[in-house]
Protein chains: 2
Amino acid sequence: MATIIDVAKKAGVSKSTVSRVLTSNGYVSEVSRQKVLLAMEEIGYIPNLLARQLQSGVTKTIGFIAPSYMSALGKFLQVFMENAKNNGYYVNLYLTGGDKQKEIEALNQLKYKQVDGIFILTRTNDWETIKPYSQYGPLATWNRIEEPWIYSSYVDHYEGYLKALNYLYDRGYRKIGHVLGNMENLNTKARLRALTEFHELKQVPLNEEWLIEAAYNKNGGREVAKKWLESLDKPDVFAFYSDQSAAEFISEIELVGFKSPEDIGVLGFDNNEVSELMHISTVDYSLEKQASNSFAYLYNQLNEDQLPFEQLVFELMERKTLK
Amino acid sequence: MATIIDVAKKAGVSKSTVSRVLTSNGYVSEVSRQKVLLAMEEIGYIPNLLARQLQSGVTKTIGFIAPSYMSALGKFLQVFMENAKNNGYYVNLYLTGGDKQKEIEALNQLKYKQVDGIFILTRTNDWETIKPYSQYGPLATWNRIEEPWIYSSYVDHYEGYLKALNYLYDRGYRKIGHVLGNMENLNTKARLRALTEFHELKQVPLNEEWLIEAAYNKNGGREVAKKWLESLDKPDVFAFYSDQSAAEFISEIELVGFKSPEDIGVLGFDNNEVSELMHISTVDYSLEKQASNSFAYLYNQLNEDQLPFEQLVFELMERKTLK
DNA sequence: CTGTTAGCGCGTTCAA
DNA sequence: TTGAACGCGCTAACAG
């Protein structure tokens, strides 16, 4: 592998001069400059980023931690990486499979100076065990959390969910079931606030039986479906905390001949690819912009120049799973 | 940041000794060993991988190139990364968005010694422009290609497709439509061979109109649906080259009130998450094993010890889109 | 404007 | 069994 020294020899200059034209840092006469450029060309010189990084202490890469390849991840990751690339950053992806130890290993990459910052789509460990890592570099997450040591690209589900519920009300739905995510999640709490307020305001009875905490994992939606099938007092509609769980729900009830919206209304949340494919009505809250903001935060912490943040808005996507 | 020298001072030994206990390479007395271990503990020493990599010329990371987030990617990536992690490798993901230049940049990571090897899920550039990169490290791909300089984790679609077509025949289908991928793709050619043979053998007429080359991109399946809707002489069933395109097809026809299998049979290919969600009958050809084999190849090229390869098999997943 | 020198943090001879 | 010294490839401070 050709090094900077080979180029220097070939060009008949010192390696510092080569380094100067490489980084365009400092003065180099046009003559030497051309000689160096020519030599690099002839030798087919490629700078070794590793050496550069060791020297500068900066890797220009961001770690991206996710539990698994969920459908929401696709869109998010794509936008995140695009922003990264456009701003000269690489992305290291860590799929933990929900394994706490693996998440720790990924976080260690920050300690080990293998990445400059880390984005955690969805955490697996407690926040308390994650917190110490913030001393090694900037952290950001998709989870909703309000702490000074980590950025959260959250949108206030309170607003979005209230909007969604009012929408269901306007469409004539009165027996509304709610499928929520992890109860410790701040977004879940926000949704809880929203629905409580909604039921009081509209004087719509809230059936506790239809306030479900779905397992925040694969097939959580299918379990809700099973519960729904067995129940006697069925709601008219389910408002889900994610498109994925909504899709699983529909998939499961279709297995035994039920249909949405005929037998049960379904409203998702995310507007991801699956919901489009399956015609699931859902609420869009610009996942792309969240991804963009997440990277922007990390970038801004790491650099002098600042990337702008984008404003988030909710939008109801009318499709076919609501009457 | 604590370095090996800080540890050495604290332990009252030289940095070489520290290095020795770190790499468990060479002789170290149990006494010094304990002193070093203790010092590392107290200081909270973390080795700098960058320096290590610069020294060894090895990064222990594999580049993973994909055009964009496709549903097949998820499963594949997950297994690939799991294998990588289990064998001490990291994975750098590059999403090119189908941009040739971006793919080149990703390939350059191999030249720049930022990754030890590269896996290309689906190429964007010509093979001819990719080939030169094989001199910098091992290459593998999911595309089907038979060249000595790159490993292809392909399965022979000929066999799988023939099996699928016979299955359709047995279920009573006679007017069979074929939706194929990129015609230059070797798998497509294999499928073409299979279907030609099938139609001759079974004496089933092959309607050229229903031999479709779907755009190998997003919404290719929707375009097939539009064509199907407008046509007069409709086939009884479509055999798709991927679950994704099959899903798009179904999604699109449902939009205007048609259903599978009532109005048209649908057979996918991949057995990915979407096909399960939408109950699409499909053929499984162990994507996981392909992913596993792909990593195994890369690993084996890079290391002395060898990982075993797994045998691939086709399996028909009966679901609900066939009568 | 340019060359010399000193690191970045670590692994690895080579003597001792 | 250990330490000194060198090198991985590059950047940056310093002197000229």
Side-chain angles (χ1 to χ4, degrees), chain A residues 1-37 39-40 43-61 88 108-116 136-137, chain B residues 1-37 39-40 43-61 88 108-116 136-137:
Chain A
M1 203 181 61
T3 80
I4 201 175
I5 294 187
D6 300 322
V7 178
K9 278 184 190 157
K10 184 103 184 176
V13 298
S14 80
K15 72 186 181 117
S16 338
T17 304
V18 176
S19 176
R20 286 196 191 92
V21 346
L22 230 36
T23 59
S24 34
N25 220 334
Y27 304 95
V28 179
S29 72
E30 192 52 33
V31 189
S32 327
R33 172 182 199 70
Q34 288 307 329
K35 281 195 295 187
V36 168
L37 255 24
M40 294 201 315
I43 292 184
Y45 167 76
I46 302 287
N48 182 324
L49 294 191
L50 243 35
R52 214 177 251 179
Q53 292 171 5
L54 174 61
Q55 154 71 28
S56 67
V58 159
T59 64
K60 285 284 175 183
T61 111
N108 274 328
Q109 296 299 298
L110 193 58
K111 265 169 104 171
Y112 284 60
K113 300 293 172 198
Q114 289 283 103
V115 299
D116 295 343
Y136 303 111
Chain B
M1 205 181 64
T3 79
I4 200 175
I5 293 187
D6 301 321
V7 177
K9 278 184 191 157
K10 185 102 184 175
V13 298
S14 79
K15 74 185 182 106
S16 329
T17 304
V18 178
S19 176
R20 286 196 190 92
V21 347
L22 231 34
T23 59
S24 32
N25 220 335
Y27 304 95
V28 179
S29 70
E30 193 51 34
V31 190
S32 329
R33 171 181 200 70
Q34 289 306 329
K35 282 195 293 186
V36 168
L37 255 23
M40 296 203 309
I43 292 185
Y45 168 75
I46 303 287
N48 182 326
L49 294 192
L50 243 35
R52 216 175 248 181
Q53 291 172 5
L54 175 61
Q55 154 71 27
S56 67
V58 160
T59 65
K60 285 283 174 184
T61 112
N108 273 329
Q109 296 298 300
L110 193 58
K111 264 171 104 169
Y112 284 59
K113 300 293 171 198
Q114 289 283 104
V115 298
D116 295 343
Y136 302 112

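Any value given below was found using the heavy atoms of this structure, including those in side chains, with hydrogens, waters and symmetry copies removed. Letters A, B, ... are given to chains in the order of the sequence lines, protein chains preceding strands, and every chain is numbered from 1.
- Rounded to an integer number of Å, the gap from OH of A:Tyr112 to P of C:dG9 is 16 Å.
- Between A:Lys9 atom NZ and C:dT4 atom P the separation is 13 Å, expressed in whole Å.
- For D:dT2, the OP1/OP2 oxygens have a side-chain nitrogen or oxygen of B:Ser29 closer than 4.0 Å.
- Minimum heavy-atom separation, B:Arg20 to B:Tyr27: CD-O, 3.7 Å.
- In this structure, A:Lys35 atom NZ and C:dC1 atom C1' are separated by 12 Å, rounded to whole Å.
- Look at B:Thr17 and you'll find a side-chain N or O under 4.0 angstrom from OP1 or OP2 of D:dG3.
- Taking each heavy atom of B:Met40 and B:Val7 in turn, the nearest pair found is CG-CG1, 3.5 Å.
- Across all non-hydrogen atoms, the minimal contact from A:Gly88 to A:Lys60 is O-CD, 3.6 Å.
- Closest approach of A:Ser32 to A:Thr17, counting heavy atoms only: CB-CG2, 4.3 Å.
- Put simply, A:Ser32 has no side-chain N or O that comes within less than 4.0 Å of OP1 or OP2 on C:dC1.
- A:Leu49 and B:Gln114 get closest at one heavy-atom pair: CB-OE1, 3.1 Å.
- We find that CD of A:Gln34 is positioned 16 Å from C1' of C:dC1, with the value rounded to whole Å.
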For nucleotides 8-16 of chain D, give me one character per nucleotide, 5' to 3': B if any protein heavy atom sits under 4.0 Å from the base, S if the only such contacts are to the sugar-phosphate, - if neither.
BBBBBB---

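- Taking every heavy atom of both residues into account, A:Thr59 and A:Val115 meet most closely at OG1-CA, 3.4 Å.
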